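Below you'll find the structure, written out as structure tokens, and then a few comments.
Here the structure is a predicted model, which means the values were calculated and not measured. We name chains A, B, ... by the order of the sequence lines, and we start the count at 1 in each one. Heavy-atom basis, side chains included; hydrogens, waters and symmetry copies ignored.
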Amino acid sequence: MSEVIRTVAKPPENFESKAWKFMRYSGFLLIPLVWGHVLLQDIIVGVHQIDLDYVAMRWASIGWRIYDTALLAFAFAHGVNGIRQVGEDFIHSPRGRRILNWALIIFWVTITAIGGIALIGGVAKPS
Amino acid sequence: MSSLKTTLSGYAGYRGREGHYSFLLHRITGLGTALFLTIHIIDTSWVYFAPNAYQFAIDLYRSTLFGIGEIFLVFSVLFHGVNGLRIAFFDLIAPKFWQIKKTRSSTRWTLAVTLVLWIPAAGIMIYNILHHNFGMFGG
């Protein structure tokens, strides 16, 4: 019996295929970023040692601010796209999906901006 | 609303064993982590927008209830990471592994690696709760 080989053209890139790749490549990056963050803040330092002075000390170093910026950008984008994928399992109508996508874009931009402003502004003096 | 019911009953009723359970656990841990991440970005931003509120949030995180939540959060982050690595490795590097036998064994390995990483971390976090909140170990 001869083997039948069927070739198919590679489909062109679209938003979904880019999002699919983003989830995997950002995932590789988030392993050191998130696990490093959890190991340092939750296990080594611990929440009982964290306060405003600790954050101020940490953010005095530009390296940690860049680390936290990368964490904010990649982790939150990965999370919001994940919510979108789960949401599209439940919402099938084109109108519902449009609403979901716009709501998530607004959510994503707002929360990222809040975190980004705080990262640039730094620790304020408590009253 | 019917699509909610259809999707949820599909999630619950599908009998895909290991692959099905890891799919569900990946989603639950991912959604849980995304929920916490949203709250965490907001409370961390209070160091700039409302420093007094930040101290209040930290006091809340130090409570025993949130300490227990933190232990489950760390499980979620570890499982989602190990399982995500498995999925990305299969998808991008070895798609020939996407078959039932490999899915079953790799899912079991994923859980084992997660537990090996999680148990010592959980032990340290339980120690911290007992030390700081219950005055044990000379706290």
From [X] atom [atom1] to [Y] atom [atom2], the distance as rounded to the nearest 0.5 Å:
| X | Y | atom1 | atom2 | value |
| --- | --- | --- | --- | --- |
| B:Asp91 | A:Lys21 | CG | NZ | 12.0 Å |
| A:His48 | B:Asn133 | NE2 | CG | 4.0 Å |
| B:Arg27 | A:Gln85 | CZ | CD | 7.0 Å |

A:Asp51-B:Tyr54 side chain donor-acceptor pair, cut-off 3.5 Å: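 Looking only at side-chain atoms, B:Tyr54 and A:Asp51 do not form any donor-acceptor pair under 3.5 Å.
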Side chain to side chain contact (heavy atoms under 4.5 Å, CB included) evaluation trace for A:Trp35 with B:Val82: CA-CA 11 Å; A:Trp35 286 9; B:Val82 179; 3.6 Å; yes
For [X], is it the side chain, the backbone, both or neither that has a heavy atom under 4.5 Å from a heavy atom of chain A?
| X | result |
| --- | --- |
| B:Phe66 | neither |
| B:Tyr61 | both |
| B:Leu73 | neither |

Where does [X] contact chain B at under 4.5 Å (heavy atoms): side chain, backbone, both or neither?
| X | value |
| --- | --- |
| A:Ile91 | backbone |
| A:Ile111 | both |
| A:Val55 | side chain |
| A:Ile50 | both |

Minimum side-chain heavy-atom gap A:His92-B:Thr7 below 4.5 Å: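 Yes, side chains in contact.
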Sub-4.5 Å side-chain heavy-atom contact between A:Phe28 and B:Phe89: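 Side-chain contact under 4.5 Å: no.
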Chain B interface, residue from A:Val80, A:Ile43, A:Asp68 that has the most non-hydrogen pairs under 4.5 Å: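 If we count pairs closer than 4.5 Å to chain B, A:Ile43 comes out on top.
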With chain A, which of [options] has the greatest number of heavy-atom pairs at distances under 4.5 Å?
| options | result |
| --- | --- |
| B:Leu117, B:Leu8, B:Leu78, B:Leu35 | B:Leu78 |
| B:Gln55, B:Glu70, B:His80 | B:Glu70 |
| B:Thr38, B:Thr33, B:Ile87 | B:Thr38 |

Residues of residues 114-126 of chain A contacting chain B, heavy-atom criterion under 4.5 Å, by residue number: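 The list, in residue order, reads A:Ile114, A:Gly115, A:Ile117, A:Ala118, A:Gly121, A:Gly122, A:Val123, A:Ala124, A:Lys125, A:Pro126.
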Heavy-atom donor-acceptor pair, B:Arg62 side chain to A:Val47 backbone, under 3.5 Å: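 Flag set: sc B:Arg62 to bb A:Val47 pair under 3.5 Å.
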For B:Arg17, salt bridge (Lys or Arg N to Asp or Glu O under 4.0 Å) partners two or more places apart: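 Partners of B:Arg17 by the salt bridge (Lys or Arg N to Asp or Glu O under 4.0 Å) criterion come out as none, since no residue qualifies.
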Plane angle bin for B:His40 and A:His37 - parallel if under 30°, tilted between 30 and 60°, otherwise perpendicular: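 Because their plane-to-plane angle lies in the 30° to 60° range, the rings of A:His37 and B:His40 count as tilted.
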